[in-house]
Amino acid sequence: MTQMPPMERIWFIVNLIPEGTVLPYGIVADLAGLPGRARYVSRALKLAPKTLALPWHRVINSQGKISFEKYSEPFQTQLELLRLEGIKVNAGKILLSQYQWKPDLATLVMTLPF
DNA sequence: CTAGTGACCAACG
DNA sequence: ACGTTGGCCACTA
């Protein structure tokens, strides 16, 4: 039985993030079984096939901010997508205490195919 | 092989 | 609230 590759595990987790919620890169890495590898998450998202249609915009950094350069094209796109799902962004910041997805870990772990 | 580069992060000052 | 620093590691030139 081959392990699901790290990058696929990251895509799997991101795909589970519910609408109207967000998750920091580092937490995605943790849930994917790759603690301390937040940078790998950003790389995995960049390389993700468009056909997967992942909710990539729900992944933000640990400070509640969008990680693209301010005013850049992808920055604006992510900001708009987040607001479309009712996520408030004030002064470029998202309140993690309000919007961070907090899955029931026991249940989630049983669901994961890895 | 080495050096630079990230959609990062926690710890400091 | 910032800016810096050291750690992280796959990928690229």
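Order of the sequence lines sets the chain letters (A, B, ...), proteins ahead of strands, with each chain counted from 1. In this text, all values refer to a predicted model and were calculated from it rather than measured experimentally. What's counted below: heavy atoms across the whole structure, side chains too, no hydrogens, waters or symmetry copies.
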With C1' as the reference atom in both, quote the distance from B/dG6 to C/dC8 in angstrom, rounded to an integer. 11 Å
Is a donor on one side and an acceptor on the other found under 3.5 Å between the side chain of A/N61 and the backbone of A/G64? yes
Rounded to whole Å, CE of A/M7 lies from P of B/dA7 at a distance of 13 Å
Does B/dC9 have OP1 or OP2 sitting under 4.0 Å from an N or O in the side chain of A/S62? yes
Within the pair A/S42 and B/dG6, is there a side-chain N or O less than 4.0 Å away from OP1 or OP2? no
Starting at NZ of A/K46 and ending at C1' of B/dA7, how long is that distance when rounded to a whole Å? 7 Å
Rounded distance in Å - CD (A/Q63) to C1' (C/dT4): 13 Å
Tell me the interatomic distance from A/L23, atom CG, to B/dC8, atom C1', rounded to whole angstroms. 14 Å
Could you state the atom-to-atom distance from CZ of A/F68 to C1' of B/dG6 in whole Å? 11 Å
Non-hydrogen side-chain atoms of A/W56 and A/Q78 separated by less than 4.5 Å: yes
Whole-Å distance, A/I66 CD1 to B/dG6 P, equals 19 Å
Which of these nucleotides, B/dA7, C/dC9, B/dC9, is closest to any side-chain atom of A/S67? B/dA7
Separation of A/Y25 atom OH from B/dA10 atom P, in whole Å? 14 Å
Between C/dT12 and B/dC1, how many Å separate the two C1' atoms, rounded to a whole number? 14 Å
Sidechain-backbone polar pair: A/R37 side chain, A/A29 backbone, donor-acceptor under 3.5 Å: no
Is the distance from OP1 or OP2 of C/dA1 to the nearest side-chain N or O of A/K93 less than 4.0 Å? yes
Exam field: side chain A/T21 to backbone A/I17, donor-acceptor pair closer than 3.5 Å: no
It should be established whether A/R37 places a side-chain nitrogen or oxygen under 4.0 Å from OP1 or OP2 of nucleotide C/dA10. yes
Can you confirm whether A/M7 sits close enough to A/Y40 that some side-chain heavy atom of one is under 4.5 Å from a side-chain heavy atom of the other? yes
From OH of A/Y40 across to P of B/dG6 the rounded distance in Å is 18 Å
